[in-house]
Each structure stands twice: as structure tokens, then as C-alpha cells.
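Both ligands and their constituent atoms are indexed starting at 1 by order of listing.
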Amino acid sequence: MNSDRNIVLLGFMGTGKSAVGQILARRLGLDFVDLDKRIEADAGAVIPEIFRSEGEDGFRARERRAVQEVSLRSGLVIASGGGVVLNPDNVRDLDSTGSLVCLTATPETILSRVGGDSERPLLQGGAPLSRIRDLLIRRSPYYAGIAVQVATDGLGADAVADAVLAALVAGGRHNTPQSIGKAEPSAVRLN
Ligand code: S3P
């Protein structure tokens with residue numbers, strides 16, 4: 001594991017990216033960057049407000065700029081927002097200076113972690129389990145394109161951090177620009 005490279009946590013909402021990222025940063029003595037928090041600080045508004053005033057497109061443009069900035073730095077643990085993978089340029093930039101790790105969880109686990117949370121605009125509006133399933137299916141090619149995958153079901157954040165470190169030490173299949181967004185949806189376990 002190259003200590004100068006960033007460690008970048010990707011994955012759906014509720015897979016534990018922020019909690020695990022903080023633990024990893026503390027253990028490794030690295031700085032932690034939460035991309036969503038950075039976007040909020042820059043906008044002077046929380047994410048639901050950004051979605052309301054600028055729409056999802058406005059949020060994605062802010063997210064893109066935040067990715068470009070952090071990708072120029074090294075020695076960071078970066079927790080991304082769940083939708084960062086939707087733009088292949090984001091994945092390419094994060095991959096250029098970091099080791100990418102995708103955290104996964106079943107829809108039921110995700111619901112148990114984020115259900116009732118009003119901070120996530122994409123999960124509002126009722127029937128959260130169906131929303132989670134639909135979004136996971138649509139996004140699964142993007143998540144499955146990340147070489148290193150760590151399943152988080154039934155694990156606390158410390159155990160997930162252990163698993164991430166083990167996966168990074170073991171090394172994974174290297175991401176290629178071609179692999180991102182091209183994987184079969186079935187490659188992501190949905191239940
Ligand atoms: C989003 C995930 C959120 C946040 C925004 C959009 C997504 O981050 O970036 O609400 O598109 O999946 P978390 O994955 O940290 O919840």
C-alpha cells in the first residue's frame with residue numbers, strides 16, 4: 001500500500017463511507033476529507049438546501065469541482081458522496097491519485113442505516129426501500145466497476161475499516177477507465 005496515495009471510499013448512501021473514513025484516517029495518521037461536508041462548507045448550505053435551490057445538476061457541478069480539488073492532493077482519506085461514480089471523470093480523477101474502495105450493503109441494511117433520515121434528498125418521498133432498490137440497480141454498473149469491494153452488512157465501522165485495510169494490502173484488480181460503468185448489474189449483490 002503506497003502511503004502517499006489517497007484512500008477513496010465510494011459506495012451507495014448508508015454504506016458507512018464517512019464513519020469508516022474517519023476511523024481509517026485516525027488509524028493511519030492521515031487527513032480526512034468528507035466531500036459532502038466540503039461541498040456544504042463551500043456552498044454555505046446543507047445538501048437538501050443545495051438540491052432545492054440549485055437542483056441535482058447544481059449539486060453535481062459542485063461535487064465535480066470538489067473532486068477535482070481533492071484529486072490534486074495526496075495522503076488523504078476521502079469519503080465521497082454516493083453519486084460521485086455517476087460521472088466517469090470523477091472516478092478517473094480520484095483513481096489517478098488514490099486507491100478506490102467501494103463499500104457495499106444490501107438494500108435492507110441501507111434502509112436500516114438511513115431510513116428516516118431527512119438529509120438525503122434522493123431518498124425522500126415515501127417507499128424508501130423501493131427507491132433504494134431502484135437506485136442501486138441503476139447504479140450497480142458504476143459501483144461494480146470499482147476493483148476493490150468491501151461488504152459491510154452486519155459489520156460495525158471498526159470492522160469495516162479492518163476489512164478495507166486488508167483489501168488494500170492484498171491489492172485488487174486495477175481499475176481501468178474501461179471498467180468503470182461497464183460492469184454487469186448482477187456483479188453487485190442486491191440482497
Ligand atoms: C448522494 C449521496 C449523498 C449526497 C447526496 C447525493 C447520492 O452522500 O452526496 O445526497 O447521489 O447517492 P452519502 O452517500 O454520503 O449519503
message = F12 vs I132, test: side-chain contact (heavy atoms from CB on, under 4.5 Å). Steps then yes/no.
response = CA-CA 9 Å; F12 200 78; I132 291 168; 3.9 Å; yes
task = Indicate, as side chain, backbone, both or neither, the part of E119 found under 4.0 angstrom from ligand 1 when only non-hydrogen atoms are considered.
result = neither
task = Under 4.0 Å, heavy atoms only, figure out whether ligand 1 is touched by the backbone of L122, its side chain, both or neither.
result = side chain
message = Regarding ligand 1, does G82 bring an N or O atom to under 3.5 Å of one of the ligand's N or O atoms?
response = yes
message = If hydrophobic clusters are built from ILVMFWY residues whose side chains come within less than 4.5 Å, do I23 and F32 share one?
response = no
task = Check each heavy atom of R60 against ligand 1 and say whether those closer than 4.0 Å belong to the side chain, the backbone, both or neither.
result = side chain
ask   = Is any side-chain heavy atom of L28 closer than 4.5 Å to a side-chain heavy atom of L165?
value = yes
task = Look at D57 together with R60 and state whether they make a salt bridge at an N to O cut-off of under 4.0 Å.
result = no
inquiry  = Strictly below 4.0 Å, N to O, side chains only: are D93 and R64 in salt-bridge contact?
reply    = yes
query = What are the atoms of ligand 1, with element, lying closer than 4.0 Å to any heavy atom of I47?
reply = 10 (O)
task = Please could you name the atoms of ligand 1 that P121 approaches to less than 4.0 Å, counting only its heavy atoms?
result = 10 (O)
ask   = Which heavy-atom pair separates I47 from E40 by the least distance, and what is that distance?
value = N-OE2, 3.0 Å
key: Shortest non-hydrogen contact between D4 and S74, atoms and distance   = O-CB, 3.2 Å
message = Polar contacts were defined as any N/O atom of the residue lying under 3.5 Å from an N/O atom of the ligand; does this apply to R120 and ligand 1?
response = yes
query = Going by the order shown, which atoms of ligand 1 are within less than 4.0 Å of some heavy atom of G81?
reply = 8 (O), 9 (O), 14 (O)
query = Are N87 and V67 close enough that some pair of their side-chain heavy atoms sits under 4.5 Å apart?
reply = no
request  = Give yes or no for whether the N/O distance cutoff of 3.5 Å, strictly under, is met between G83 and ligand 1.
outcome  = yes
message = Below 3.5 Å, N or O to N or O, backbone or side chain included: is there any such pair between R139 and ligand 1?
response = yes
message = If the cut-off is 4.0 Å to any non-hydrogen atom of D36, which atoms of ligand 1 fall inside it?
response = 3 (C), 4 (C), 8 (O), 9 (O), 13 (P), 15 (O)
message = Only heavy atoms of K17, strictly under 4.0 Å: list the atoms of ligand 1 that pass.
response = 13 (P), 14 (O), 15 (O)
